[in-house]
Amino acid sequence: MSDERMNARERWGLLLIDELTDRPPVYPLITSHAATVHGCNLIDYCRDGRVLAEAQIEAQRIYGQDGLTVFTDVGLIAEAFGSRYLLRAEDVPILLEPLIQNPEQVDDLAIPEPQSAGRLPVYIEAVDRLFTAAGDRQPVFAFIPAPFTTAAGLRGTETFLTDTILMPETAHKILDLTLNAALKLCDECILAGGLPVLVDPLASGSVISRHTFKEFALPYIKGLIDYLHRYDLDIMLHICGETKNILDLIPATDADLFSLDKLDLAAACKEIGSRVRLVGNIPPNSLLAFSGHPTFGPVEEALTIGMQNPKGFVLSTGCEVPIRADKEKLLTMINTAKRARYVEW
Amino acid sequence: MSSGNEIIAGVDVGSRSTKVVILRKMLQAGCQSSVVDSLQALPSHPEYEILARSLVPTGWTPQTAIAQAFQQALDQAGLQSVSRVIATGYGRSLVDFVDRRITEITAHARGAADLLPGMRTVIDIGGQDSKAIIISDGLVEDFAMNDRCAAGSGKFLEYLAMTMNLTVEEFAELAYRSNNPTNISSICTVFAESEVLSLLAEGVAREDVAAGAHKAIAWRVAQLALPLHPQTPVAFSGGVARNRCLVRELSQALKCEILVPPYPEFTGALGAALIGF
Amino acid sequence: MNVPNPRQIDWREWHTLFRAIPDELVQNTRYYRHLPDVEWSLYLFPPSTHTVYGNRLLRKLRFDNSPAALRLWGFVLSECERLYRAKQAGMKVVAVMGDLGAVTPLIYSFPNTIAFYPDCLWWTPFLMESRVLFEEAAMLGLSEDCCYVRAALGGFARRAYFPRPDLCIATVGATCDDMAAVTAGVERLGCTVRYLELPHRADREKSLQQCYPPFNSPPQSGGEKDNSSQSGGEKDGSPRRGGEKNNRSQIGRDEKYHPRDELRSYIAGQHLKLCGWLEDLTGAKFNLNRYSATIHKVNHLRKTIADLKDLITTSGPNPMGALEMLNAEFAALSYYGDLDECCAVLDELHKTVEWRVKKRAGYPNQSVKLLWLTPPADPLLLNYVEELGGRIVATEYLINQTTPLISIENDKTAQLPSDEHHRSFGRESIFLPLSEAQLSGSLISSSDYRIGLALQYAGKSRANGAVISGVFGSSHCPYETAPLVEALRQAGIPTLAFDVVAPGKVRMQAQLLNRIEAFIEMLKNRKNANIDADADGDADERGRI
């Protein structure tokens, strides 16, 4: 597909000012899978900004997707606060020990400094390297764990969900902290050349109720987006899993793009497509070698529906591309999508 | 600017070699005594004495070369440290123990003016570029530098020497033997290389071809200098000034005598150190 | 007015300072104010916003710290989006190529019609530190032997930098050769280009009074032979200076002069032709009242820019950055797609500069006064000079066709056109004042005209030195740089001339920066020596104007 005249930055740029492009951007969420194609282990990928950047460049060279992604795990900010995570060579980091064991600790917590705390400097270095290497041709998306998800990493998911019911004030206090931490990280990512993307997997309908989303997730997502909108940045919100029960609330977050997962794309287009650009939503497990899922058909179907979306569409995966996704399947998905045309350019 | 008896180092990080000169500012004029015997060739000066000088190829790791050259000079002078360091040359930004950085234009002008008082024009052919500097009352009045490519720089001679399987020094001596330099019309180094091969294949004497290469670069440098209306006397500084053939060709191209200071490769480093006074 | 102490700050500091800008101000700073509250029309944002979208050089630049400068940057950097939004809002977008800042007043006088200057895409590869547009131009046949304006061809091909224009006009005659190659390439891309004819380049000494027309018809009056020294060459007619030969070869063998009146009429006729195209495009008849109102605004803008330049030249400490001033000067070309807002932006900048000058407030440590000739494609160079202690006190950016005030009010010949005489000959008199301004164009006038301007600016600003930033491949640079250098040097003004290095050529860039540094160092040393000499009661006037 190297004969395409338009590059990814140009394509995204036009999409974000409501202009027609040659085709929708094709942007599967290639995150830790980049480590696989680069041949590095995930501990290095998470701990070394140079490795992360090189892996993304390599993945982009192989797949030619529209955009580079800096993301390791949702615990990034929680770890910078002080939660303990286990880094693993073959899989993404997991939470070992949340920082806030006692609600009284909350008052003493300091917002982590992006230049020094935890792996935040790694993140910023990766954004900077990617932007320096390819920022004129590729947008660099810096995935930022949203306040609700980080709060769960600070407190432990179950405990935090219990807090929302039994100690809502404490939950809000934690969320204020995580919001401010996310703002600070966003600032540094912007200065390094990255466009923040908010990821809030714990705010999924698969995990929390509509009420909890409305009360504890949405205001903080909106707070973050309002802050970024003041800088005139177009913000993508990604929520994994089921989001049917909160779909009508998505425009209230003011997100410019909504990356959806297990949701009927046509229904999403109908309900919010005139207000929000949609990003999605090929099932990631269809990219596994022995999944038995077809690749070609769902892509065609998603394009047929998505390209009708009034505010625009980005062909993507519903969630992260699996670490050990089948290269050929991913390539098939991408190349199929790249054949789509709004107009001949 | 500074009190007496200060020890000042000038570091000149060129693309080919890194040079260091260490000076002591004299408390009283006329009482200098060189510490290093080998420096006797440099003229004595009433205001300073030269304690040491060193030269290390810059290579691919300039920081290492800088550290080596500086340490060598300190050892030579029997010093642990100096009062002030002034850096110059293309790699000056890489010297991290520096008090001030100046361009090689200012450094060469200052150095040449000191070594050859009364100089009005300084020509320096470096590894990466060439420059012509007009001096008036000890100040740079105007200058010109070549840019864009290796033609007109020391690299040009290096390439052509390599083409003839010679070192630069052998290439220069071979050329100096010629009384009939051939014409090499290509300005571009790449084309000049193939032109040299053609001339050799045609049977033109090796020394004439080598001298032709020197003539080409001398004329190119002259073209750089002439729009500045160079005044005599003209000095030729930098390591390439040790090349007798180039001095001869440059003299013909500029139609004037060319003076070469002693240890011309240290002119920039000396100038930098003097700026620190 | 609450204006902070003048400083030059980086994108990081602006990002933080921006939080202190009141919300109401951000919300009220809009372009296309005639459109009701469209969200996209906000533009008061810091450089970091534009960095994220690919303008990588902004991370290396330093910006003035006033809200007025922030507004100017926001306005300039939002032009690309603004052009697309204009089309979305149903406005007509006209591309003007070549040396055509002169005709934009006419374009803006039509309802809902704006102009833009695709040539200015030359600075996009530098702002983005990117070779994307040059690579595209190279694939279409224009490579490194062409001026950086070839980026415009890349822009047309990729269609992601400005919308497809509703009308594309260019020039033949005294236009840049490289631009002619670009317009030819644009036509090959399937875009219809309509041409205006400009007189050929003027001869040296005759330039202020007479020019060569592009046609071969005999002169109707005032023609005279120029067989000997009138060209300014030696008596044998041979070239005297480096630029002379090319200059003459461009004007050709026809040695007949045409009086200026005749040329004004000729250009006015071209304007009438453009007027017809615009009527066809917009479906609206030319309206003298609207035209007059537009000229009023344009004159206001031009006067503001002239005043700004004057304040910079004559002030104590430097009150505004060279880059902000470059943005201000280039506003005169096509008003960055919104004339009304452009006037407001520059008014605010003017107020800030005026206030600073009154308070004798400016940047510290910029003492070496420089005259800068020819726009530097690479914005970093202006910043670099300032960082080294230089200060740009005067400029000549080859856009002199956009500087004179257009004297429509006083022009007795201006008459309201009537429909029945819509396309009749003679009505071009309306455009005579506009033509008069266009005759000041840098590419129509001679090298002597530019040399005269350069010496005048250098004298007025008491510049310590001059910098000429040429562009390799640009047709006017080689034949003008040499005589400019010589004239300035003869006047005792040290001059540095170089070709700007394309993005990505790191080693050559380092060489260039080294030369600039050496030049500033030389001027500083000379200046200090003069000060010392003055202190000793032995003033040394060398190098002074």
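Every value quoted in this text rests on a predicted model; they were computed, and no experiment measured them. In what follows, chains carry the letters A, B, and so on, assigned in the order in which the sequence lines appear, proteins first and then strands, with residues in each chain numbered from 1.
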Against chain C, label A:L228 side chain, backbone, both or neither, depending on which of its atoms sit under 4.5 Å from a heavy atom there. neither
Using heavy-atom distances under 4.5 Å, tell me whether A:D22 contacts chain C through its side chain, its backbone, both, or neither. neither
Tell me, side chain or backbone of C:E136 under 4.5 Å from chain A's heavy atoms, or both, or neither?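 Side chain only.
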Over all atoms of both residues, closest heavy-atom pair of C:W11 and C:T51: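 Result for this residue pair: CD1-OG1, 3.9 Å.
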Locate the shortest heavy-atom distance separating C:I114 from C:M91; write the atom from each residue and the value.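 Nearest pair, atom of C:I114 first, then C:M91: CG2-CE, 3.7 Å.
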Less than 4.5 Å apart, side chain to side chain, heavy atoms only: is that true for C:Y53 and A:L233? yes
Looking at [X] and [Y], does any basic side-chain N land under 4.0 Å from a carboxylate oxygen?
{"X": "A:D48", "Y": "A:R119", "answer": "no"}
{"X": "C:E13", "Y": "C:R7", "answer": "yes"}
{"X": "C:R82", "Y": "C:E79", "answer": "no"}
{"X": "A:E4", "Y": "A:R23", "answer": "yes"}

With chain A, which of [options] has the greatest number of heavy-atom pairs at distances under 4.5 Å?
{"options": "C:E39, C:E135, C:H50", "result": "C:E135"}
{"options": "C:L44, C:I21, C:L58", "result": "C:I21"}
{"options": "C:M128, C:R85, C:E81, C:E129", "result": "C:R85"}

Using a 4.5 Å heavy-atom cutoff, which residues in residues 22-34 of chain C come close to chain A?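 Near chain A, by residue number: C:P22, C:D23, C:V26.
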Side-chain donor/acceptor pairs under 3.5 Å, residues 189-197 of chain A, sequence neighbours excluded:
none

Side chain to side chain donor-acceptor pair (under 3.5 Å) contacts touching residues 180-192 of chain A (sequence neighbours left out): A:E113-A:K184, A:Q115-A:E188, A:D187-A:Y227, A:D187-C:H15, A:D187-C:R19, A:E188-C:R12
Just to be sure I understand the criterion: a residue of residues 131-140 of chain A counts if one of its heavy atoms is under 4.5 Å from a heavy atom of chain C. Which ones qualify?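 Result: A:F131, A:T132, A:A133, A:A134, A:G135, A:D136, A:R137.
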